[in-house]
*Asks:* 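Questions regarding the structure given below will be posed in turn.
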Amino acid sequence: MSTHRPPTVAPTGQPSWQRRRFDPDHALGLRLTLAATAAFLVLVPFALLTLLVLGAWAPLHRLDATVTDALHSYAQDHPAWVVLMRVWTEVFAPMPLRAVVLLLVVWLLRRGARRLALWAATTMVVGGLVGPLLKLLVGRDRPELLDPVARAAGYSFPSGHALNATLAAGVLVLVLLPYVGRGAARAALWVAAVLLTVVTGLSRVALGVHFTSDVVGGWLLGVAVVAATTAAFTSWRAHTGLRPVQPTRDGVAPEVERHPGAA
């Protein structure tokens, strides 16, 4: 007698949920699962970092203090560097970046891409609400320095500048990817997004208003929010029958570039 067992089948005659999710032949379910898993995996290091900050873990504290002291000493000896960092941190502060995304949302609405505009706005709003809430919950004080070169109000973890730079960069890249083709323009878009995110975060440490772990926390939280909202948007695409996409390659709604109003 044969011992071969037929695949698990749901009562409707379709493959079971688990099979649909992980079967390579069902690429859409697999993509959705991977997107949701990516968002969760980014939240894990953020949660771990938050616990270390809350527990005042000595090695992390020493690392933060060492980097802050070194950059503060450099800043005191290089006034031009301080001016550059101040200009950068003001130009790419949360409010200007939110204004840029708002302009993007308005442009998308004018093209009839209402759901894509909603995704962009939701990503910024969710991150903008979660960041301050976590600041209050963690309650970490900012660095205390003699003769500081800059000052900032409020709690320190996670960095709002780093968080919002990550959110804005993620939204801009994932919306604009279909418009830049496959060549040097695409590479330039990614480079600009990375520079915006990294330099904005580093400017906060260079000015002595954030610890390094504050900035890393902002980056991680921003990536997690973008990944989560992108997974939700991808799920919506699945229910409307639009073709599967790889967001980091195709953008979240590549059809909008050719057919305004499609998303």
Side-chain angles (χ1 to χ4, degrees), residues 20-21 24 26-43 46 94 97-131 162-197 218-263:
R20 291 198 305 271
R21 278 302 193 188
H26 295 81
L28 183 56
L30 182 60
R31 287 176 187 270
L32 291 176
T33 300
L34 293 177
T37 301
F40 174 76
L41 290 178
V42 177
L43 280 174
F46 174 77
L97 291 176
R98 289 167 184 160
V100 171
V101 175
L102 178 59
L103 291 176
L104 177 70
V105 168
V106 171
W107 177 68
L108 291 172
L109 289 174
R110 289 176 63 88
R111 289 177 61 85
R114 294 184 298 275
R115 290 184 178 86
L116 184 57
L118 178 62
W119 168 79
T122 299
T123 301
M124 296 300 296
V125 170
V126 169
L129 293 176
V130 172
L163 168 61
N164 283 277
T166 306
L167 295 172
V171 167
L172 290 169
V173 165
L174 294 180
V175 170
L176 297 178
L177 272 175
Y179 297 87
V180 297
R182 301 276 180 183
R186 172 172 294 244
L189 179 62
W190 276 109
V191 169
V194 171
L195 283 177
L196 167 64
T197 303
W219 288 336
L220 290 173
L221 182 58
V223 171
V225 170
V226 172
T229 59
T230 300
F233 189 77
T234 304
S235 178
W236 167 81
R237 290 178 59 89
H239 285 91
T240 57
L242 293 172
R243 70 177 180 85
V245 295
Q246 184 176 327
T248 55
R249 183 193 64 197
D250 308 316
V252 288
E255 62 279 348
V256 173
E257 187 266 339
R258 297 180 179 83
H259 307 287

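Source: prediction; values computed, not measured.
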*Asks:* Kindly give the heavy-atom pair with the smallest separation between Ala120 and Val171, and that separation in Å.
*Replies:* CB-CG1, 3.7 Å
*Asks:* List the residues meeting side-chain hydrogen bond (donor to acceptor under 3.5 Å, both in side chains) with Thr166, not counting sequence neighbours, and say none if there are none.
*Replies:* none
*Asks:* Indicate the atoms forming the closest heavy-atom contact of Ala169 with Ala193, along with that distance.
*Replies:* CB-O, 3.7 Å
*Asks:* Tell me which one of Leu108, Val101, Val105 satisfies side chain to side chain contact (heavy atoms under 4.5 Å, CB included) with Val175.
*Replies:* Leu108
*Asks:* How about Thr197 and Trp219: does a side-chain donor come under 3.5 Å of a side-chain acceptor?
*Replies:*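 The criterion, which ignores hydrogens and geometry beyond distance, is not satisfied for Trp219 and Thr197.
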*Asks:* From the options Leu189, Leu167, Leu177, Leu104, select the one residue that forms a side chain to side chain contact (heavy atoms under 4.5 Å, CB included) with Leu172.
*Replies:* Leu104
*Asks:* Do Trp119 and Thr230 come within less than 4.5 Å of each other through their side chains, counting heavy atoms only?
*Replies:* yes
*Asks:* Among residues at least two apart in sequence or on other chains, which ones pass ring-ring contact (aromatic ring centres under 6.0 Å, His included) with Trp190?
*Replies:* none
*Asks:* For Thr234 and Val252, run side-chain contact (heavy atoms from CB on, under 4.5 Å): C-alpha distance rounded to whole Å, both residues' side-chain angles, the deciding distance at 0.1 Å, then the answer.
*Replies:* CA-CA 7 Å; Thr234 304; Val252 288; 5.8 Å; no
*Asks:* Any heavy-atom pair between the side chains of Met124 and Asn164 that's under 4.5 Å?
*Replies:*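 Asn164 reaches Met124 side chain to side chain.
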*Asks:* Heavy-atom distance under 4.5 Å between the side chains of Phe233 and Leu116, does that happen here?
*Replies:*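 Heavy-atom side-chain distance check passes, below 4.5 Å.
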*Asks:* Between Val180, Leu176, Val173, which is the residue that forms a side chain to side chain contact (heavy atoms under 4.5 Å, CB included) with Arg186?
*Replies:*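 Of the listed options, the one satisfying the test is Val180.
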*Asks:* On a heavy-atom basis, which atom in Leu43 and which in Ala224 lie closest, and how many Å separate them?
*Replies:* CD2-CB, 3.6 Å
